[in-house]
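Here is how names work: the chains are called A, B, and so on, in the same order as the sequence lines, proteins then strands, and each is numbered from 1.
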Number of protein chains: 2
Amino acid sequence: MANLKQLAQSLGLSITTVSRALDGYADVSATTRERVRQAAKQAGYHPNASARRLRKQRAELVAVTLPSEPGHIGPAHFLEMLSGCAEHLAAAGLNLVIAPVPSGESELDMCRRFVDGQRVDAMLLVRTKRHDERVEFLQSRGIPFVTNGRTESTIQHAFIDGDGLSGFRRATLRFYDAGHRRIGHIAGPQAYFFAHERKKGWEAAMNDCALPTDLCIEQAPTEQGGYEAALELLNRPDRPTALVCATDEMAIGALRALREVDGGDLISLIGHDDLPIGAFTSPSLSTMRMTGGNLGHSFASLLLRTIAGEPPETLQELHAIEFVDRDSHHRSSPVA
Amino acid sequence: MANLKQLAQSLGLSITTVSRALDGYADVSATTRERVRQAAKQAGYHPNASARRLRKQRAELVAVTLPSEPGHIGPAHFLEMLSGCAEHLAAAGLNLVIAPVPSGESELDMCRRFVDGQRVDAMLLVRTKRHDERVEFLQSRGIPFVTNGRTESTIQHAFIDGDGLSGFRRATLRFYDAGHRRIGHIAGPQAYFFAHERKKGWEAAMNDCALPTDLCIEQAPTEQGGYEAALELLNRPDRPTALVCATDEMAIGALRALREVDGGDLISLIGHDDLPIGAFTSPSLSTMRMTGGNLGHSFASLLLRTIAGEPPETLQELHAIEFVDRDSHHRSSPVA
DNA sequence: GTTGACTTCCAAAACGTTTTGGTTGATCTT
DNA sequence: AAGATCAACCAAAACGTTTTGGAAGTCAAC
């Protein structure tokens with residue numbers, strides 16, 4: 001509650017000395033330092049954050065912009081990731097503020113507001129688009145940032161991402177090896193880098209196998225989107241015997257479609273993200289996930305290293321995808 | 001990028017006048033004000049946030065502490081709520097920082113850190129416990145706060161909550177009216193107010209109907225917890241014919257247990273929260289939800305009113321619970 | 001031509017830190 | 001005993017705003 005001035009006065013010392021004592025500088029005698037520490041503790045003194053920020057020219061804040069797709073903010077494990085990230089950042093004296101994009105404003109406007117008011121020291125971008133205007137903007141302003149998901153920008157920037165192309169390619173090939181010849185893809189919005197990448201992975205595998213790539217539908221990355229896409233694919237005359245879904249949420253929606261159509265219980269399916277709920281669906285959901293431990297922590301440490309000035313080229317993590325096999329990916333042995 | 005001083009110099013005006021022109025004070029002539037506005041826009045001037053905060057003695061920040069149950073941070077719609085809240089707060093110039101509790105630290109320590117460093121103007125508490133030490137602390141420090149969920153504290157504080165007791169009582173009575181006589185409850189951790197309240201609602205109904213209240217198991221508020229609790233109840237000789245589950249996540253876990261045991265497909269079940277995924281489970285999940293529109297917005301506006309100094313007694317919202325009927329709650333007509 | 005009211009502007013203080021560039025004495029060197 | 005070194009402390013500036021308490025000029029009234 002008290003401030004430095006009052007504390008100094010009560011100790012008969014100067015503000016300078018008290019400040020330096022608390023910060024552990026060597027030009028304060030050990031006895032004085034201890035005396036100051038005691039008094040500070042006693043008085044419940046904590047430096048005023050705004051004052052320190054002003055003086056140090058650091059906001060001690062990092063913002064993460066939240067995409068605001070109507071009705072659906074993102075995968076269910078998003079908050080967990082942010083929480084892990086915030087925890088790691090807090091250990092370095094940085095707090096994480098969440099910045100949802102208000103309706104009628106662009107994600108770029110959001111960034112501008114935080115950056116131009118010098119409200120943040122750095123930014124976190126999630127759900128990056130293939131062409132993401134935020135990247136160019138932050139780069140031009142010289143604000144450190146890390147993205148969760150790559151972009152197609154020529155600008156080098158720090159990112160952390162899963163190798164979705166490889167994952168979806170391998171998943172598709174695995175279906176091929178199991179005898180499937182009509183393998184469909186339920187794709188997410190192609191403006192997102194991750195969704196495009198996953199589709200490319202599926203396409204690459206289909207091309208490898210000399211199979212047509214028309215069994216694909218793009219939909220919203222939600223259960224409802226997955227449900228609708230699956231229904232549409234299943235109603236085609238050449239309906240697929242296996243489905244590769246861009247996300248677990250879409251896959252869960254697709255599962256419902258499979259339950260609703262004749263013979264749907266023979267169709268195999270795989271998702272991506274490894275949501276905890278996947279173990280409890282019917283059938284249980286086979287899926288994929290990024291390797292590499294706590295995503296939030298990695299995200300935070302990349303950001304700290306970016307702030308510290310390490311060059312972006314050395315701060316790009318592309319993690320392998322691993323399969324999490326449950327029941328949904330081997331429900332039949334189709335005859336070709 | 002520029003600051004007030006440079007802007008003033010380039011305009012041949014004083015810092016005072018420029019500042020007041022931008023803030024729209026009446027003691028600046030209209031022509032000057034316009035000239036200043038143009039120049040500010042041109043120079044891309046935005047006031048430095050730290051400086052304003054220091055001067056105005058406001059942090060312009062609100063923190064929300066995130067509970068850190070191992071492996072599970074909370075219901076899937078949590079982030080959506082926070083996002084709505086942050087959006088509303090941002091319109092009032094406040095940013096929302098998320099404060100996960102690091103391992104080895106208590107939620108109280110978290111609060112202390114934010115409050116004592118004058119880092120925040122107010123706090124949001126979610127997942128309140130029946131005896132929540134954070135409430136006493138914040139009250140003693142005079143920091144405005146709103147809780148999501150009531151507490152058993154004698155202190156009056158602003159809150160927003162659903163009437164879980166009534167909801168669970170009615171849900172249980174509905175099962176009774178449908179002919180069920182062995183109605184079980186899968187309870188959440190009783191330290192949480194909401195979990196205790198919901199259990200009390202179930203108990204009240206059971207007492208009303210002169211039924212025993214031993215068909216109850218407390219578990220972690222996760223799919224896994226619900227699964228384990230349901231398995232245990234279903235293995236009892238007097239196993240329930242209907243289950244009232246504290247949360248949708250637990251209910252979804254319980255659904256898997258029902259699929260795994262003989263006759264489980266005849267057991268009725270209801271959850272609470274109305275997670276979007278409930279429409280896609282097998283069977284689709286009957287559930288309940290709090291009425292009252294966008295929770296995040298209400299939360300934010302309660303907080304703003306608390307900051308404005310309205311007395312807490314007038315800032316307590318207890319919302320009714322409404323049923324969302326799908327398939328899981330009427331799977332059989334049990335004979336008594 | 002003095003008074004008061006009004007408009008338009010501004011110098012300086014204040015917010016609470018951190019940091020710069022010292023000063024003061026004591027101790028050590030030669 | 002003069003000079004150099006060192007330990008321990010401090011005054012003042014700086015960070016960039018907002019706000020207080022005027023000052024200077026204009027105009028109308030008498």
**Message:** Please determine whether a side-chain nitrogen or oxygen atom of A/Q118 lies at a distance below 4.0 Å from atom OP1 or OP2 of D/dG16.
**Reply:** no
**Message:** Nearest whole Å is fine: how far is C/dT19 P from A/D23 CG?
**Reply:** 7 Å
**Message:** Between the base of C/dT17 and the side chain of A/R52, is there a donor and acceptor pair under 3.5 angstrom?
**Reply:** no
**Request:** Starting at atom CD of A/Q6, determine the distance to atom C1' of C/dC15, rounded to an integer number of angstrom.
**Result:** 13 Å
**Asked** Does NZ or CZ of A/R119 come closer than 6.0 Å to the centre of the six-membered ring of A/F114, within 45° of the ring's axis?
**Response** yes
Distances for protein N/O vs nucleotides 9-12 of chain C N/O pairs under 3.5 angstrom?
| unit_1 | atom_1 | unit_2 | atom_2 | d |
| --- | --- | --- | --- | --- |
| C/dC9 | OP1 | B/T32 | OG1 | 3.0 |
| C/dC9 | OP2 | B/S29 | N | 3.1 |
| C/dC9 | OP2 | B/S29 | OG | 3.3 |
| C/dC9 | OP2 | B/T32 | OG1 | 3.1 |
| C/dC9 | N4 | B/D27 | OD2 | 3.1 |
| C/dC10 | OP2 | B/S14 | N | 2.9 |
| C/dC10 | OP2 | B/S14 | OG | 3.3 |
| C/dC10 | OP2 | B/T17 | OG1 | 2.8 |
| C/dA11 | N7 | B/T16 | OG1 | 3.2 |
| C/dA11 | N6 | B/T16 | OG1 | 2.6 |
| C/dA12 | N6 | B/T16 | OG1 | 3.3 |

**Message:** What verdict does the salt bridge (Lys or Arg N to Asp or Glu O under 4.0 Å) test give for A/K129 and A/E152, after you've listed the backbone C-alpha separation in whole Å, the side-chain angles of each residue and the deciding distance to 0.1 Å?
**Reply:** CA-CA 8 Å; A/K129 304 214 165 113; A/E152 290 179 1; over 6 Å; no
**Request:** Would you mind reading off the distance between B/D116 atom CG and C/dG16 atom C1', rounded to a whole angstrom?
**Result:** 16 Å
**Prompt:** Which nucleotide in the list C/dG16, D/dT18, C/dT17 gets nearest to the side chain of B/L4?
**Reply:** D/dT18
**Request:** Write down the distance between CZ (B/R53) and P (D/dT17), rounded to a whole number of angstrom.
**Result:** 13 Å
**Item:** Separation of atom CD in B/Q57 from atom P in D/dT17, rounded to whole Å
**Value:** 17 Å
**Message:** Please determine whether any donor N or O and acceptor N or O are separated by less than 3.5 Å between the side chain of B/R55 and the base of D/dT18.
**Reply:** yes
**Message:** Quick check on A/E310: does its CD atom have over 12 non-hydrogen neighbours (other residues, nucleotides or ligands) under 6.0 Å away?
**Reply:** yes
**Whole-Å distance separating the NE2 atom of A/H46 from the P atom of C/dG16** = 16 Å
**Prompt:** Honestly, is B/R150 close enough over B/F193, meaning NZ or CZ under 6.0 Å from the six-membered ring centre and within 45° of the axis?
**Reply:** no
**Prompt:** Where does the angle between the aromatic ring planes of B/H157 and B/F159 fall among parallel (under 30°), tilted (30 to 60°) and perpendicular (over 60°)?
**Reply:** perpendicular
**Asked** Is it true that the NZ or CZ of A/R127 lies under 6.0 Å from the centre of A/Y192's six-membered ring and within 45 degrees of the ring axis?
**Response** yes
**Prompt:** Could you give the NZ-to-P distance, from A/K56 to C/dT20, as a whole number of Å?
**Reply:** 11 Å
**Request:** Could you please spell out the steps behind the salt bridge (Lys or Arg N to Asp or Glu O under 4.0 Å) verdict for A/R52 and A/E60?
**Result:** CA-CA 10 Å; A/R52 185 188 40 228; A/E60 299 180 354; 2.8 Å; yes
**Prompt:** Are OP1 or OP2 of C/dG16 and a side-chain N or O of A/N48 less than 4.0 angstrom apart?
**Reply:** no
**Asked** What is the distance, rounded to the nearest whole Å, between atom OH of B/Y25 and atom P of D/dG21?
**Response** 14 Å
**Asked** Which residue, B/A30 or B/A51, contacts DNA chain C at a nucleotide closer to its 5' end, judged by nearest heavy atom?
**Response** B/A30
